[in-house]
Participant: 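Quick one: this structure, given as structure tokens, is what I'll be asking you about.
Side-chain atoms are counted along with the backbone in the values below, which use heavy atoms only and exclude waters and symmetry mates. Chain letters run A, B, ... following the sequence lines, proteins first, then strands; residues in each count from 1.
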Amino acid sequence: MKPFYITTTLPYVNSDPHFGFAVEIIRADIIARWKRELGHEVFFNTGTDEHGIKIYRKATEQGIDPQTYVDGFSKQFRVLRELLDLSWNNFVRTTDPHHIAAAEKFWTIVNERGYIYKKFYSIKYCVGCELEKTDSELVDGKCPIHPTYELELINEENYFFKASAFQAQLLELYKRPLVLPDSRLGEVRAFVERGVEDFSISRLASKMPWGVPVPNDPAQVMYVWFDALVSYLSAIGWPENTTSFEKWWPAVQYCGKDNLRQQSAMWQSMLAAAGLPFSEKIIINGFIVSDGKKMSKSIGNVISPADVVAEFGVDAVRYYVARRVSPFEDSDVTMDKIRDAFNADLANGLGNLVSRTIKMAATYGVTVSREHWAEVEMNLKASSAYAEYAGHLDSYNIQLASDVIWNDITKLDIFIQEKKPFIKVKTDPEGAKADLVYVLDALWGIAVYLRPIMPSTSEKIAESLRTMSLAEGLFPRKDVKK
RNA sequence: CGCGGGGUAGAGCAUUGGUAGCUCGUCAGGCUCAUAACCUGAAGGCAGCCGGUUCGAUUCCGGCCUCCGCAACCA
């Protein structure tokens with residue numbers, strides 16, 4: 001079976017992990033677990049992007065050296081593994097010596113193939129923002145944020161990447177569904193059709209030393225994007241471990257919509273420039289807003305993954321991401337919405353169904369052998385419902401896959417209501433038991449379906465079915481105090 | 001004419017070229033195995049506005065209005 005390589009974006013470590021990244025990495029985790037379930041060997045990569053001007057400035061402001069600064073943040077991202085029950089098997093840091101060597105090698109190859117050149121160019125620089133501004137960002141020739149400042153013109157010599165050479169190849173590439181959803185593929189295609197310009201891929205080390213040195217030119221360091229994207233290669237052992245590279249590449253890449261151009265245009269042309277195969281698939285997530293607004297410390301509507309886990313538990317967060325956050329569009333997330341979903345779908349829905357079923361089965365003396373569950377699972381996997389669920393996961397629509405599960409939950413509640421085993425047991429105990437076995441089998445199916453999405457809940461349900469007992473409710477209701 | 005997303009029941013969201021669905025909330029009823037849970041039913045929408053294509057559009061096309069991202073803590 002074909003090995004499967006999936007990676008998240010490497011988050012930039014200038015702040016704590018935010019909910020949007022939790023969404024991305026939970027999705028990647030669900031897909032990774034799903035592929036393992038199917039029997040694929042899986043390489044699931046994540047990590048941290050640690051170079052660049054913003055990090056350099058922040059570290060300098062705090063009077064610590066950049067490496068110490070990023071070490072601290074990188075740890076904060078590593079703890080997500082336990083926090084969100086993630087199963088990544090590689091965590092790459094762009095300050096790893098191996099990655100730095102890979103980035104240098106990548107640069108050298110692209111340079112040798114003739115796609116890097118040096119030129120002077122002038123940039124417009126806003127002192128207020130301390131950032132370069134492109135013409136498209138300006139309003140009436142001024143920075144819209146600091147209209148009282150005059151823009152400074154700075155002449156600087158940098159290395160450029162000959163992206164313009166790859167327009168035709170990119171348009172050819174977009175004939176296959178490289179990018180999900182389709183609307184994003186159309187967007188990047190339109191962007192490339194408008195014309196691709198060469199872009200700067202280095203910075204003067206004298207102004208910004210925190211980056212990978214440009215080979216044979218100590219005066220320049222690589223622009224952070226150029227080095228960060230190469231991490232998708234260095235993570236799997238490129239360049240020296242060709243066996244590993246050929247085994248895993250190309251990758252499925254998850255990213256946010258702000259990364260569309262970088263990952264599906266810029267990165268693809270970089271790969272072509274290095275003579276490497278294009279990515280397999282790029283999945284574009286929407287953004288998370290809270291109460292209709294971008295999460296912001298000053299507004300106070302920031303929801304941290306850790307807060308949600310503390311309040312509702314890991315699997316509730318994974319559930320919310322899977323089923324209540326739109327797979328591709330922007331979504332609004334608030335603690336109240338999470339609480340509503342928790343109560344409606346997990347407490348009243350899944351948790352209560354497991355509870356009522358196990359209780360009846362235990363009370364009425366239903367017993368089921370281990371062989372029985374194996375058989376149930378085999379039948380399930382041959383069913384059309386399972387095919388539907390699998391189809392959704394194969395096309396990265398975790399939401400529709402989860403809908404299959406919750407449709408089952410509703411059907412089972414109705415089934416119990418209609419068959420009334422709790423009445424039937426008084427006159428026809430065998431009939432009541434048979435009804436319960438039907439529900440128990442379906443619950444086993446739900447546990448199977450939940451394996452990639454809510455692994456620990458899946459295991460708890462399976463354990464309850466094996467022992468026909470339930471120590472405590474899976475998801476006790478969270479009531480709002482009024 | 002910079003790029004992109006949205007405007008569908010009180011709220012949040014799905015969906016579809018042919019009587020518009022779900023969750024929460026509200027009202028009424030049922031059940032009692034269960035986490036005051038579960039089931040049934042009801043009320044509540046001219047699917048932002050205007051025009052076009054069509055036998056038929058909420059769905060396709062054009063225009064308009066309007067909200068929101070593309071700077072900060074950015075996936």
Participant: Taking side-chain hydrogen bond (donor to acceptor under 3.5 Å, both in side chains) as the definition, give me every residue that meets it alongside A:Glu187, ordered by chain and number, with sequence neighbours left out.
Facilitator: A:Arg184
Participant: On the nucleotide B:C33, are OP1 or OP2 found under 4.0 Å from the side-chain N or O atoms that A:Lys359 carries?
Facilitator: no
Participant: Taking salt bridge (charged side-chain N to carboxylate O under 4.0 Å, His left out) as the test, write out the residues that go with A:Glu329, two or more places apart.
Facilitator: none
Participant: Looking at A:Lys281, I'd like to know if its NZ atom is crowded, meaning that more than 12 non-hydrogen atoms belonging to other residues, nucleotides or ligands lie closer than 6.0 Å.
Facilitator: yes
Participant: Nearest 0.5 angstrom please: A:Ile338 CD1 to A:Tyr319 OH, how far?
Facilitator: 12.0 Å
Participant: Measure from CZ on A:Arg57 to P on B:A71 and round the result to the nearest Å.
Facilitator: 16 Å
Participant: Given the P atoms of B:G29 and B:A14, what is the spacing between them in whole Å?
Facilitator: 35 Å
Participant: Between B:A43 and B:G4, how far apart are the P atoms? Round to whole Å, please.
Facilitator: 43 Å
Participant: Yes or no on side chain to side chain donor-acceptor pair (under 3.5 Å) for A:Thr9 and A:Asn259, after CA distance, side-chain angles and deciding distance?
Facilitator: CA-CA 9 Å; A:Thr9 322; A:Asn259 262 250; 4.9 Å; no
Participant: With nearest nucleotides of RNA chain B determined for A:Ser183 and A:Arg324 from heavy-atom distances, which residue corresponds to the more 5′ nucleotide?
Facilitator: A:Ser183
Participant: How long is the line joining CG of A:Leu400 and P of B:G21, in whole Å?
Facilitator: 18 Å
Participant: Using atom P of each nucleotide, how far apart are B:U59 and B:A9 to the nearest Å?
Facilitator: 15 Å
Participant: Which value, in whole Å, describes the distance between the P atoms of nucleotides B:A20 and B:C27?
Facilitator: 27 Å
Participant: What distance do A:Glu24 atom CD and A:Gln253 atom CD have between them, rounded to the nearest 0.5 Å?
Facilitator: 10.5 Å
Participant: Can you tell me how far CD1 of A:Ile453 sits from CD1 of A:Ile405, rounded to the nearest 0.5 angstrom?
Facilitator: 4.0 Å
Participant: Are there over 12 heavy-atom neighbours, none belonging to A:Glu197, within less than 6.0 Å of that residue's CD?
Facilitator: no
Participant: With a 4.0 Å cut-off, would you call A:Lys424 and A:Glu430 a salt bridge?
Facilitator: no
Participant: Using 30° and 60° as the class boundaries, would you call the ring planes of A:Trp88 and A:Phe44 parallel, tilted or perpendicular?
Facilitator: perpendicular
Participant: Between B:A47 and B:G21, how far apart are the C1' atoms? Round to whole Å, please.
Facilitator: 12 Å
Participant: Between A:Leu350 (CG) and B:A34 (P), how many Å, whole number?
Facilitator: 18 Å
Participant: Tell me, which stems hold RNA chain B, with a stem being 3 or more Watson-Crick or G-U pairs in a row and both distances under 3.5 Å?
Facilitator: B:2-7 with B:65-70, B:10-13 with B:21-24, B:26-30 with B:38-42, B:48-52 with B:60-64
Participant: Measuring only between side-chain heavy atoms, which start at C-beta, is A:Phe73 closer than 4.5 Å to A:Asp16?
Facilitator: yes
Participant: May I ask you to say what A:Arg27 touches in the nucleic acid, namely base, sugar-phosphate or nothing, with a heavy-atom cut-off under 4.0 Å?
Facilitator: nothing
Participant: Can you tell me, in whole Å, how much space there is between the P of B:G7 and that of B:U58?
Facilitator: 15 Å
Participant: In whole angstrom, give the distance that lies between atom CE of A:Met360 and atom C1' of B:U35.
Facilitator: 14 Å
Participant: Between atom CZ in A:Phe328 and atom C1' in B:G6, what is the gap in whole Å?
Facilitator: 18 Å
Participant: Give me the distance, rounded to whole Å, that separates B:G56 from B:U19 when you measure between the P atoms they each carry.
Facilitator: 14 Å
Participant: In whole angstrom, give the distance that lies between atom CZ of A:Arg184 and atom P of B:C70.
Facilitator: 13 Å
Participant: Has the side chain of A:Trp210 got a donor or acceptor atom that lies under 3.5 Å from a matching backbone atom of A:Glu50?
Facilitator: yes
Participant: Name each donor-acceptor pair under 3.5 Å that joins a side chain in residues 393-401 of chain A to protein atoms two or more places apart or in another chain, with its distance.
Facilitator:
from	atom 1	to	atom 2	distance (Å)
A:Asp394	OD1	A:Trp34	NE1	2.9
A:Ser395	OG	A:Gly391	O	2.9
A:Ser395	OG	A:His392	O	3.2
A:Asn397	OD1	A:Gln399	N	3.3
A:Asn397	OD1	A:Leu400	N	3.1
A:Gln399	NE2	A:Arg323	O	3.0

Participant: Under 4.0 Å, heavy atoms only, any strand: does A:Arg323 hit a base, just the sugar-phosphate, or nothing?
Facilitator: nothing
Participant: Check nucleotides 73-75 of chain B for protein N or O atoms closer than 3.5 Å to its own N or O atoms and list the pairs.
Facilitator:
from	atom 1	to	atom 2	distance (Å)
B:C73	O2'	A:Ser15	OG	3.4
B:C73	N3	A:Lys297	N	2.9
B:C73	N4	A:Ser296	OG	2.9
B:C73	N4	A:Lys297	N	2.3
B:C73	N4	A:Ser298	N	3.4
B:C74	OP1	A:Asn14	OD1	3.1
B:C74	OP1	A:Asn14	ND2	2.3
B:C74	N3	A:Lys294	NZ	3.2
B:A75	OP1	A:Tyr12	N	2.9
B:A75	O3'	A:Thr9	OG1	3.4
B:A75	O3'	A:Asn259	ND2	3.1
B:A75	O2'	A:Glu24	OE1	2.5
B:A75	O2'	A:Gly256	N	2.2
B:A75	N1	A:Ile288	N	2.8

Participant: Rounding to a whole Å, what distance do you find between A:Asp403:CG and B:U15:C1'?
Facilitator: 12 Å
Participant: Contact class for A:Leu474 (heavy atom, under 4.0 Å): base, sugar-phosphate, or nothing?
Facilitator: base
Participant: Within this structure, what is the NZ-to-P distance between A:Lys420 and B:G30, rounded to whole angstrom?
Facilitator: 13 Å
Participant: Check nucleotides 36-44 of chain B against the protein and report each pair of N or O atoms closer than 3.5 Å, with its distance, or say if there are none.
Facilitator:
from	atom 1	to	atom 2	distance (Å)
B:A37	OP1	A:Arg477	NE	3.2
B:A37	O2'	A:Asn352	OD1	3.0
B:A37	O2'	A:Asn352	ND2	2.5
B:C38	O2'	A:Arg356	NH1	3.1

Participant: Can you tell me how far C1' in B:G48 sits from the matching atom in B:A57, rounded to whole Å?
Facilitator: 16 Å
